[in-house]
Amino acid sequence: MSFYLYDSVKKDKLEFKSIKENEATIYVCGPTVYDDAHLGHARSALSFDMLKRTLKALGYKVTLAKNFTDIDDKIINKLANSNKTLEELTQYYIDRYLEDMSALGVERADVEPKATESIDAIESMINRLLESDCAYKIDNGDIYFDTSKDSKYGSISHMVTEDEQNISRIEANSQKRNPKDFALWKACEQKDVCFNSKVGMGRPGWHIECSAMIEKIFEGDENYCIDIHCGGADLLFPHHENEAAQTRCALNKEIAKYWVHNGFVQIDGEKMSKSLGNSFFLKDALKIYDGELLRYYLISVNYRNDFNFNEVDLLNSKKRLDKLYRLKKRLYGGKVGQVNKEFKNTLIEAMSDDLNSSKAMAIVDEMITSANDSLDKEPKNRALKQEILANIKFINELLGIGAKDAIEWFQQGVSSEDKAKIEELIEQRAQAKKEKNFAKADSIRDELTAMNIAIMDLADGTKWEKL
RNA sequence: GGCGGCAUAGCCAAGUGGCUAAGGCAGGAGCCUGCAAAGCUCUGAUCCCCGGUUCGAAUCCGGGUGCCGCCUCCA
């Protein structure tokens with residue numbers, strides 16, 4: 001089966017042809033670890049988690065690297081107001097990031113390089129750029145990349161123009177050869193946030209770390225370092241433009257064969273920001289909503305589109321995901337059989353079309369309806385039940401949803417005392433029903449409703465769910 | 001100022017030249033049920049506006065209008 005991916009540099013949906021047959025190499029620009037992860041980080045991580053899962057389902061051996069930028073101006077600023085070391089501070093946020101992403105079902109990357117642990121690769125690349133005069137050092141020790149040395153500069157973002165007016169906001173520095181030149185290395189004096197390297201005392205610029213890490217981690221071929229380079233839409237310029245330029249000048253090849261960018265998350269139609277006070281940290285969202293639900297909600301929209309996060313839509317997603325778990329609950333404790341091949345292929349096919357998760361979810365919904373219908377007609381068909389459970393298992397492999405215990409799913413946040421009380425009330429109601437005392441049965445149901453508990457009388461007894 | 005994206009039923013959202021425009025939520029009708037809930041069945045849009053290309057366009061081109069993003073750290 002062919003895999004198609006929208007390349008945001010070529011602006012076209014292309015058939016994926018990996019550098020090495022049946023192997024796929026992916027690099028994702030990860031977070032700068034100076035604060036907790038927000039919904040935007042989640043969306044990025046989820047997009048490329050789906051990419052990895054889909055390629056694996058198609059039979060590729062996937063290697064995904066996601067970096068942590070653990071040295072940067074904002075980290076240094078934060079350090080000034082804390083009594084932690086650089087490593088303590090960044091490791092704290094790395095752990096927080098991984099914890100939050102784990103709650104969303106994001107698989108760990110195969111390689112997780114840190115900038116501070118890649119100084120050797122960075123200084124090596126900077127040295128080569130200096131030797132070939134693609135980079136130059138100015139009086140204060142800063143090292144800049146000379147964008148005029150890269151004839152293809154601008155080919156990634158299509159953002160570079162000759163018009164001087166457009167670049168008025170770029171850092172003014174009289175020693176820079178070209179206004180667009182960017183820092184590869186920032187000289188500094190403070191020892192606690194600087195590294196002693198062959199290119200001087202200082203710290204790496206943001207862009208060089210990705211180029212250097214990719215060179216260090218992946219082999220590539222004579223034309224490309226990796227198959228797919230991923231990141232948020234905002235990274236296209238200047239970050240990815242600069243990465244591409246550095247790699248071209250240092251290695252004489254392109255950094256990536258395909259470029260994939262995910263769209264932004266807005267909250268209630270407004271850009272996320274601390275000043276707006278819209279709760280945008282993942283940890284806050286996870287206090288209220290289940291991680292799997294957030295995952296399901298966030299992947300319900302194509303990864304390239306902007307995403308407008310709001311509670312109404314989130315609760316709609318909850319109802320939709322509940323249907324999957326209700327089906328799973330219907331088959332509770334049953335054996336998992338063989339997945340339906342047609343279902344599996346249709347689902348992979350949807351994801352193979354530029355990760356069309358919306359379509360994949362529609363296919364899941366159709367499977368749920370058809371499965372419920374079949375179960376209504378043939379409640380004792382064991383083979384059918386086993387196949388449906390296998391289908392649900394495959395949904396989890398590909399989309400990362402539906403793996404939880406179906407009973408627990410509907411009882412999240414209910415204490416064991418409340419559970420006992422609910423069971424007791426249901427028992428009393430069953431007795432009242434048996435005696436045809438419907439008034440009493442209904443009043444017990446009202447009592448449960450007041451506790452936010454919904455009940456449903458099924459063939460095999462009364463089941464309850466937390467609303 | 002420069003570059004780019006988006007606009008599909010009450011809401012969310014697939015679909016990028018051609019069968020009756022996916023799917024979900026909400027709403028309506030029915031089956032089932034002591035009544036409900038759950039589940040199942042049926043039910044809704046000609047695709048922001050104008051013009052063009054074409055036998056044929058939501059889908060391509062041009063022009064509007066509106067919203068958003070990037071150009072400075074940012075997923």
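Here the structure is a predicted model, which is why all the values come from computation and not from measurement. Here is the naming used below: chain letters follow the sequence lines, and residue numbers restart at 1 for every chain.
- Across all strands, A:Val265 comes closer than 4.0 Å to base atoms (heavy-atom distances).
- Between B:rG63 and B:rU72, the two C1' atoms lie 34 Å apart (nearest whole Å).
- Checked against B:rC71, B:rA37, B:rG4, the side chain of A:Met456 finds its nearest nucleotide in B:rA37.
- With a 3.5 Å ceiling on both atom-pair distances, the Watson-Crick or G-U wobble partner of B:rC60 is B:rG52.
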Which atom pairs link the protein and nucleotides 57-60 of chain B when you take only N or O atoms and keep those under 3.5 Å?
none

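- Minimum atom distance to the side chain of A:Arg326 is reached by B:rA38, of the listed B:rC70, B:rA38, B:rC73.
- Comparing B:rC48 with B:rA7, their C1' atoms sit 6 Å apart, to the nearest whole Å.
- A:Lys186 pairs by the side chain to side chain contact (heavy atoms under 4.5 Å, CB included) definition with A:Asp73, A:Asp142, A:Ala183, A:Arg203, not counting sequence neighbours.
- Rounded to whole Å, atom P of B:rA37 lies 13 Å from atom CG of A:Asp446.
- Put simply, CG on A:Asp460 is 13 Å from C1' on B:rG39, counting in whole angstrom units.
- Pairs engaging residues 304-314 of chain A under the salt bridge (Lys or Arg N to Asp or Glu O under 4.0 Å) rule: A:Arg304-A:Asp354 [sequence neighbours left out].
- No engagement by A:Ser317 is indicated, since no non-hydrogen atom pair under 4.0 Å with the nucleic acid exists.
- Spacing between B:rG66 and B:rA57 at atom C1', rounded to whole Å, works out to 23 Å.
- Between B:rG17 and B:rA58, the two P atoms lie 13 Å apart (nearest whole Å).
- Across all strands shown, B:rC47 forms no Watson-Crick or G-U wobble pair with both distances under 3.5 Å.
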Should A:Tyr297 and A:Asn316 be marked as a side chain to side chain donor-acceptor pair (under 3.5 Å) after you check the CA-CA gap, both sets of side-chain angles, and the distance that decides it? CA-CA 9 Å; A:Tyr297 176 46; A:Asn316 282 346; over 6 Å; no

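- Across all strands shown, B:rA29 forms a Watson-Crick or G-U wobble pair, both distances under 3.5 Å, with B:rU41.
- Every residue was checked against the side-chain hydrogen bond (donor to acceptor under 3.5 Å, both in side chains) condition with A:Glu397, not counting sequence neighbours, and none meets it.
- Ring orientation note: the planes of A:Phe16 and A:Phe3 are nearly perpendicular, at an angle over 60° on the 30°/60° scale.
- Every side-chain hydrogen bond (donor to acceptor under 3.5 Å, both in side chains) that A:Arg108 has, sequence neighbours left out, goes to A:Glu112.
- The side-chain hydrogen bond (donor to acceptor under 3.5 Å, both in side chains) check on A:Lys433 picks up A:Asp457, with sequence neighbours excluded.
- In this structure, A:Lys319 has no side chain to side chain contact (heavy atoms under 4.5 Å, CB included) partners at least two apart in sequence or on a different chain.
- Checking B:rG39, B:rC73, B:rC71 against the side-chain heavy atoms of A:Lys74 singles out B:rC73 as nearest.
- Rounded to an integer number of Å, the gap from A:Ile299 CD1 to B:rA14 C1' is 14 Å.
- One interatomic measurement links the two molecules: CZ of A:Arg330 to P of B:rA37, which rounds to 17 Å at whole-angstrom precision.
- Residues A:Leu321 and A:Trp409 meet the side-chain proximity criterion, which asks for heavy atoms closer than 4.5 Å.
- Atom name C1', nucleotides B:rC61 and B:rC68: the rounded distance is 24 Å, in whole Å.
- When only modelled atom types and interatomic distance are considered, A:Glu241 and A:His207 share no side-chain donor-acceptor pair under 3.5 Å.
- In this structure, the nucleotide among B:rA75, B:rC68, B:rC40 sitting nearest to the side chain of A:Asp306 is B:rC68.
- Annotation: of the two residues near RNA chain B, A:Ser300 and A:Ala454, the 5′-most nearest-nucleotide partner is A:Ser300.
- In this structure, the side chain to side chain contact (heavy atoms under 4.5 Å, CB included) partners of A:Lys74, at least two apart in sequence or on a different chain, are A:Tyr34, A:Asp72.
- Under the side-chain hydrogen bond (donor to acceptor under 3.5 Å, both in side chains) criterion, A:Ser352 pairs with no residue at all, not counting sequence neighbours.
- In a base pair of the Watson-Crick type (N1 to N3 plus N6-O4 or O6-N4) or a G-U wobble (N1-O2 and O6-N3), with each distance short of 3.5 Å, B:rC6 is matched with B:rG66.
- Contacts of A:Asn178 classified as side chain to side chain contact (heavy atoms under 4.5 Å, CB included), with partners at least two apart in sequence or in another chain: A:Asp146, A:Thr147, A:Ser148, A:Asp181.
- If you take atom P in B:rG62 and the same atom in B:rG5, they sit 11 Å apart, rounded to whole Å.
- A distance cut-off of 5.5 Å between ring centres, combined with a plane angle under 30°, places A:Phe264 in a stacking arrangement with the base of B:rA75.
- Using a 4.0 Å heavy-atom cutoff across all strands shown, A:His239 reaches no nucleic acid atom at all.
- Counting to the nearest Å, the P atom of B:rA75 and the CG atom of A:Leu51 are 19 Å from each other.
- Note: NZ (A:Lys329) to P (B:rA38) measures 11 Å, nearest angstrom.
- When rounded to the nearest whole Å, the span between CG of A:Leu235 and C1' of B:rU72 equals 14 Å.
- Residue contacts shown for A:Asn302 are limited to sugar-phosphate atoms, with no base heavy atom under 4.0 Å away.
- Between A:Asn372 and A:Asn262, the residue anchored nearer the 5' end of RNA chain B, judged by the nucleotide with its closest heavy atom, is A:Asn372.
- Using a 4.0 Å heavy-atom criterion, one finds that A:Asp234 contacts the bases of the nucleic acid, with or without backbone contacts as well.
- At whole-Å resolution of the value, CG in A:Asn308 and C1' in B:rC68 are 11 Å apart.
- The separation of B:rA29 from B:rU54, taken at their P atoms, amounts to 50 Å, rounded to a whole angstrom.
- By the 30° and 60° cut-offs, the orientation of the rings of A:His261 relative to A:His240 is tilted.
- Nucleotides B:rA38 and B:rG15 place their C1' atoms 32 Å apart, quoted to the nearest Å.
- Within 6.0 Å of NZ on A:Lys344 lie no more than 12 heavy atoms contributed by other residues, nucleotides or ligands.
- A:Gly232 comes within 4.0 angstrom of sugar-phosphate atoms only, judged by non-hydrogen atoms across all strands, and of no base.
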Sugar-phosphate or base contact per nucleotide [nucleotides 21-35 of chain B; S, B, -; heavy atom under 4.0 Å]: -BBSSS-------BB

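- Sorted by residue number, the list of members of residues 105-114 of chain A with any non-hydrogen atom under 4.0 Å from RNA chain B is empty.
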